[in-house]
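Along the sequence shown, the residues carry numbers beginning at 1.
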Amino acid sequence: MTALFLRDFKLAVRVGGGALIGVLFFLAVVTVFPFGVGPDLKLLARIGSAVLWIGALLSTLLGLDRLFQADRDDGTLDLYLLAGRPMELVVLVKCAAHWAATGLPLVLATPLFALFLNLEPIAIGAVTLTLVIGTPALTLIGAVGAGVTVSLRRGGVLLAILVVPLSIPVLIFGVSSATAVLSATASFTTPLLYLGAVTLFAGVVGPVSAAAALRYASD
């Protein structure tokens, strides 16, 4: 499993630019919003957490179509199945490598990009924490879509259509928790716990569903 993690991590970094492309796209999303909203710094600070979460979601979608596609094209996926390896564990390790190569750089870049949106230090810490907890769920949910579309050519658009609606609960709880630190009435802990619960649920259901889709695609 360690060898599989390192292999997929290296492939995710090398193919298509990996982390650099995701971070650059994240930067593009964050910098476009101030031009659309205008010079209202208070408005930017109010919607900044939502902008960062939307940017992280869209950036995560960039490399999901390659999560299993390369293994299917070169026959590695068939070898996993023939070797009797538990596909659920294989999918979980591949998702961990994908998140380490693409999701973690987004989290690390968040404190810097948050300055462009005039976020206060406490809000920067809150949105970074929610992204640490929530972005693995985006990868795990995306793995299900990647497994369903692995046998389709140019299935990236269909993957996005499948994944974005399923990612809405993660987006809601992540933004709610990140914005609650600036409110005297809203609770920060409650949506954060729900976000953690969604990530744990995705950690169980995501690999099982993706593995089932991959087995069906190989038949």
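For the atom pair CD1 (I47) and OG1 (T179), the distance works out to 12.0 Å, reported to the nearest 0.5 Å. Atom CG of L131 is separated from atom CG of L104 by 11.5 Å, given to the nearest 0.5 angstrom. Rounding to the nearest 0.5 Å places CH2 of W99 at 5.5 Å from OG1 of T135. Going from atom CD1 of I122 over to atom CZ of F188 covers 8.5 Å, rounded to the nearest 0.5 Å. With rounding to the nearest 0.5 Å, the separation of OG in S59 from CG in L24 is 9.5 Å. K94 contributes atom NZ, which lies 8.0 Å from atom CE of M87 (distance to the nearest 0.5 angstrom).
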Would L108 and T128 count as a side chain to side chain contact (heavy atoms under 4.5 Å, CB included) here? Give the steps. CA-CA 8 Å; L108 296 178; T128 303; over 6 Å; no
W53/T130 under side chain to side chain donor-acceptor pair (under 3.5 Å): CA gap, chis, key distance, verdict: CA-CA 9 Å; W53 258 100; T130 57; 3.2 Å; yes
Using side chain to side chain contact (heavy atoms under 4.5 Å, CB included), reason through T60 and T102 one step at a time and then give a plain yes or no. CA-CA 7 Å; T60 302; T102 59; 5.6 Å; no
Working note: L64 + H98, criterion side chain to side chain contact (heavy atoms under 4.5 Å, CB included); need CA distance, chi angles, decisive distance, verdict. CA-CA 8 Å; L64 284 176; H98 182 273; 3.7 Å; yes
Intermediate values then yes/no, side chain to side chain contact (heavy atoms under 4.5 Å, CB included), F26 and L52: CA-CA 8 Å; F26 191 21; L52 291 169; 3.9 Å; yes
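Of all the heavy atoms in L117 and P34, the pair that sits closest is CD2-CG, 4.0 Å. Here the closest non-hydrogen pair linking F5 and A100 is CZ-CB, 4.0 Å. Nearest heavy-atom pair, C95 versus L67, reported as atom, atom and distance to 0.1 Å: SG-CD2, 4.4 Å. When all heavy atoms of L62 and G22 are compared, the closest pair comes out as CD1-CA, 4.2 Å. Here the closest non-hydrogen pair linking L92 and G203 is CD1-O, 4.4 Å. Of all non-hydrogen atoms in A160 and P165, the two that sit nearest each other are O-CD, 4.3 Å.
A continuous path of ILVMFWY side-chain contacts below 4.5 Å connects V30 to L112, so both sit in one hydrophobic cluster. Residues V90 and L6 are members of one and the same hydrophobic cluster, defined by side-chain heavy-atom contacts under 4.5 angstrom among Ile, Leu, Val, Met, Phe, Trp and Tyr. Clustering ILVMFWY residues whenever any of their side-chain heavy atoms sit less than 4.5 angstrom apart, transitively, puts L166 in a cluster other than the one holding L140. Clustering ILVMFWY residues whenever any of their side-chain heavy atoms sit less than 4.5 angstrom apart, transitively, puts L43 in the very cluster that holds V181. Hydrophobic clustering of Ile, Leu, Val, Met, Phe, Trp and Tyr side chains at less than 4.5 Å, counting indirect connections, keeps L61 apart from V144.
Looking at V204 and L200, their side chains never come closer than 4.5 Å, going by heavy atoms from C-beta outward. Between V148 and Y216, every side-chain heavy-atom pair lies at or beyond the 4.5 Å cut-off. Contact annotation: the side chain of V91 never approaches that of V208 to less than 4.5 Å [non-hydrogen atoms, C-beta and beyond]. Taking 4.5 Å as the limit, every side-chain heavy atom of P207 sits out of range of all side-chain heavy atoms of L89. Counting heavy atoms from C-beta outward, I124 and L115 have side chains that approach closer than 4.5 Å. Using a 4.5 Å cut-off on side-chain heavy atoms (C-beta onward), F25 and L106 make no contact. Using a 4.5 Å cut-off on side-chain heavy atoms (C-beta onward), L195 and V170 make contact.
Using modelled atom types, one side-chain atom of T31 and one backbone atom of A28 make a donor-acceptor pair closer than 3.5 Å. Checking side-chain atoms of S167 against main-chain N and O of L138 turns up no donor-acceptor pair under 3.5 Å.
Heavy atoms of other residues, nucleotides or ligands lying less than 6.0 angstrom from CZ of F116 number more than 12.
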